[in-house]
Amino acid sequence: MGIKGLTKLLADKAPKCMKEQKLENYFGREIAIDASLSIYQFLIVVGRNGTQMLTNEAGEITSHLQGMFTRTIRLLEAGLKPVYVFDGKPPDLKRQELAKRYSKRLDATDDLAAAIESGDKEEIEKFSKRTVKVTKQHNEDCKKLLRLMGVPLVEASSEAEAECAALCKSGKACIFGVYAVASEDMDTLTFGAPRFLRHLMAPTSRKVPVVEFEIAKILAELNLTMDQFIDLCILCGCDYCAGIRGSIGGQTALKLIRKHGSIDSILENINKQRYQVPENWLYQEARQLFKEPLVSADDQQPEIKWTCPDEEGLINFLVKENGFNHDRVAKACHLLKSSFEPVVSTSVPFKRKETKCILGVPSPALKHKMFSLQVSINSQPKVIGILNLSTLDLGSKHLRPFSRSVCFSA
């Protein structure tokens, strides 16, 4: 669910905090993506027709693989560097929300059976989507696919969006740092992600722009501190505790926070007859979870790196095991390999060693023209450090980002 009604509240009360963007505007950026939520979207949308979904010859669902493969290739083509983050164990505070979701899926299963019996196609389509659940196998399939593609993934300790926000705030996980978090759950902002992107993983057929939110602008426009924003989100309704009954929507929640400053003060002054506060309300625990979620510490965050793709492994997994089109997969492999093609420096004697590859992206002007960066011995480019460079100093007229992969000897 995320935060109930937060998108509309921000559109009404803090419109400058959100802006529409094209995918290509994130060229060269490292984006942390909520993988589990993306898989859920793929299962609902990709290849679905009523109760029918994409499957391989063994009858196993492949919609998640098709969606993950296609969208990741599209992101790489646009010059983005995706980092997929998978959910870990959900926090105890989420048990009630998960129980509600389970109950809703059971109800949807009964409604779907009735719709099938009546032959109502619209109802079949609606209720079949409501029965979808991301399983452990779906996650493992996508992890295997990403590893074969050479795209990095992170297994979160708990909530994926919280881990994404931590990666983005620290900026230490990647060579140049995670720029933004992509998800559909608005509580990514409540966890403090500096930049949050919606619709990044939406199917191309929907033709919806990416919407970028900035937490600093949200706080400035709403005139709230981060602690007050967290309390606002809890009042609106979140996944970790029940809400106050009595028509507290986003607008009312904002008014109450602005007037009283915190939930604690609101509870001291609220009209208890009009607003029913849940008994043993766990708002303090929810607040603490948003402020200090279970995530990797700054000095313990996983190393994130892009590696050379395994073409043979991809062909076996996608084509032979899951019935993908061979030519399409081969073409994608070519794109992946061209992004990771080793570059041998001529400044030192040649010696065959294992190479490590860092994902590069084409420059905007040569987006679809991949090329190898050649540096002659005599040009003596100015190199500061080994991996943390984004530019080569070839004179003031030629200062530009690396536009290919950068490989170095192990």
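Fair warning: this is a prediction, and the values are worked out from it, not measured in the lab. What you see below is based on every heavy atom in this structure, not just the backbone, and it leaves out hydrogens, waters and symmetry mates.
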Margin query: side chain to side chain contact (heavy atoms under 4.5 Å, CB included), that's the test. Do Ile244 and Trp281 meet it? Break it down for me.
Written below: CA-CA 9 Å; Ile244 295 177; Trp281 192 27; 3.7 Å; yes
Next item on the list: For atom CG of Asp120, decide whether the heavy atoms of other residues, nucleotides or ligands shown that lie under 6.0 angstrom number more than 12.
Entry: yes
Checklist line | Donor-acceptor contact present, side-chain His260 to main-chain Ile257, <3.5 Å | finding: no
Check: Distance from Arg101 atom CZ to Lys133 atom NZ, nearest 0.5 Å?
Finding: 10.5 Å
Next item on the list: Would you indicate whether the side-chain heavy atoms of Glu60 and Asp141 approach each other to under 4.5 Å?
Entry: no
Notebook entry, point to check: Can any side-chain N or O of Arg195 pair as donor or acceptor with the backbone N or O of Ile215 at less than 3.5 Å?
Noted result: no
Notebook entry, point to check: Has Arg105 got more than 12 heavy atoms of other residues, nucleotides or ligands less than 6.0 Å from its CZ?
Noted result: yes
Next item on the list: Please indicate whether Lys13 has more than 12 foreign heavy atoms, meaning atoms of other residues, nucleotides or ligands, lying under 6.0 Å from its NZ.
Entry: no
Next item on the list: Begin from the C-alpha positions of His64 and Cys142 and carry the test side chain to side chain contact (heavy atoms under 4.5 Å, CB included) through to its verdict.
Entry: CA-CA 7 Å; His64 56 307; Cys142 287; 3.8 Å; yes
Next item on the list: Considering non-hydrogen atoms only, spot the tightest contact between Leu167 and Val178 and give its length.
Entry: O-CB, 3.9 Å
Margin query: Quick one, Lys19 and Phe213 - any side-chain contact, counting heavy atoms below 4.5 Å?
Written below: no
Checklist line | Salt bridge flag under 4.0 Å for residues Lys331 and Asp327 | finding: no
Checklist line | Beyond-backbone contact of Pro82 with Ile31, side-chain heavy atoms, under 4.5 angstrom | finding: no
Check: Would you say Ile33 and Val83 make side-chain contact, with heavy atoms under 4.5 Å?
Finding: no
Notebook entry, point to check: For the side chain of Ser128 and the backbone of Ile124, is there at least one donor-acceptor N/O pair under 3.5 Å apart?
Noted result: yes
Next item on the list: Would you indicate whether the side-chain heavy atoms of Leu9 and Ile3 approach each other to under 4.5 Å?
Entry: no
Next item on the list: Would you mind reporting whether Cys233 and Cys238 have side-chain heavy atoms less than 4.5 Å apart?
Entry: no
Next item on the list: Determine the minimum heavy-atom distance between Arg130 and Ala108, stating which atoms define it.
Entry: CB-CB, 3.6 Å
Check: Is Arg198 salt-bridged to Glu212, going by a charged N under 4.0 Å from an acidic O?
Finding: no
Item checked: Nearest atoms (heavy-atom pairs only) where Ala160 meets Phe86 -> CB-C, 4.0 Å
Check: Which distance, rounded to the nearest 0.5 Å, do you find between the CD of Gln41 and the OG of Ser183?
Finding: 8.0 Å
Notebook entry, point to check: Is there a side-chain contact between Ile315 and Phe324 (heavy atoms, below 4.5 Å)?
Noted result: no
Check: Measuring from Leu65:CG to Leu318:CG, what's the distance to the nearest 0.5 Å?
Finding: 6.5 Å
Item checked: Charged N-O contact under 4.0 Å between Asp239 and Lys100 -> no
Next item on the list: Establish, from distance only, whether the side-chain atoms of Gln228 and Ser262 form a donor-acceptor pair under 3.5 Å.
Entry: no
Item checked: Pair Phe42-Leu37, side chain to side chain contact (heavy atoms under 4.5 Å, CB included): steps then yes or no -> CA-CA 9 Å; Phe42 298 145; Leu37 192 56; over 6 Å; no
Margin query: Any salt bridge linking Glu279 with Arg245? Criterion: basic side-chain nitrogen under 4.0 Å from a carboxylate oxygen.
Written below: no
Next item on the list: Give a yes or no on whether Glu140 atom CD has more than 12 heavy-atom contacts from other residues, nucleotides or ligands under 6.0 Å away.
Entry: yes
Next item on the list: Please round to the nearest 0.5 Å and tell me the distance separating atom CG of Leu235 and atom CD1 of Ile263.
Entry: 4.5 Å
Notebook entry, point to check: If you measure from the Lys or Arg side-chain nitrogens to the Asp or Glu carboxylate oxygens, is any gap between Lys337 and Glu311 under 4.0 Å?
Noted result: yes
Note to self: Check Asp107 with Lys104, please: is the shortest side-chain N to carboxylate O separation under 4.0 Å?
What the structure shows: no
Notebook entry, point to check: Which one of Gln288, Arg287, Glu285, Glu159 satisfies the side chain to side chain donor-acceptor pair (under 3.5 Å) criterion with Tyr240?
Noted result: Glu159
Checklist line | pair Val211-Phe196: side-chain heavy atoms closer than 4.5 Å | finding: no
Next item on the list: Quick one: closest heavy-atom pair of Val319 and His326, and the distance?
Entry: CG2-CA, 3.8 Å
Item checked: Under-4.0 Å salt bridge between Lys94 and Glu97 -> no
Notebook entry, point to check: Between CG of Leu93 and CG of Leu98, what distance do you get to the nearest 0.5 Å?
Noted result: 11.0 Å
Next item on the list: Considering non-hydrogen atoms only, spot the tightest contact between Val208 and Ala202 and give its length.
Entry: CG2-CB, 3.7 Å
Item checked: Pair Asp227 + Lys291, salt bridge at N-O below 4.0 Å -> yes
Checklist line | Derivation of the salt bridge (Lys or Arg N to Asp or Glu O under 4.0 Å) call for Glu24 and Arg74 | finding: CA-CA 10 Å; Glu24 290 73 15; Arg74 175 70 184 94; 2.7 Å; yes
Margin query: What I want to find out is whether Glu125 reaches Lys129 closely enough, with some N-O distance under 4.0 Å, to be called a salt bridge.
Written below: yes
Check: So Leu75 and Met201, side chain to side chain contact (heavy atoms under 4.5 Å, CB included) or not? Walk me through it.
Finding: CA-CA 9 Å; Leu75 295 178; Met201 300 298 284; 3.9 Å; yes
Item checked: NZ/Lys16: more than 12 non-hydrogen atoms of other groups inside 6.0 Å -> no
Checklist line | Distance-only side-chain donor-acceptor flag, Tyr283 / Asp231, under 3.5 Å | finding: no
Notebook entry, point to check: Do Ser38 and Tyr84 have side-chain atoms, one donor and one acceptor, less than 3.5 Å apart?
Noted result: no
Notebook entry, point to check: Taking all non-hydrogen atoms of both residues, which atom of Leu256 and which atom of Ile248 are closest, and how far apart?
Noted result: CD1-CD1, 3.9 Å
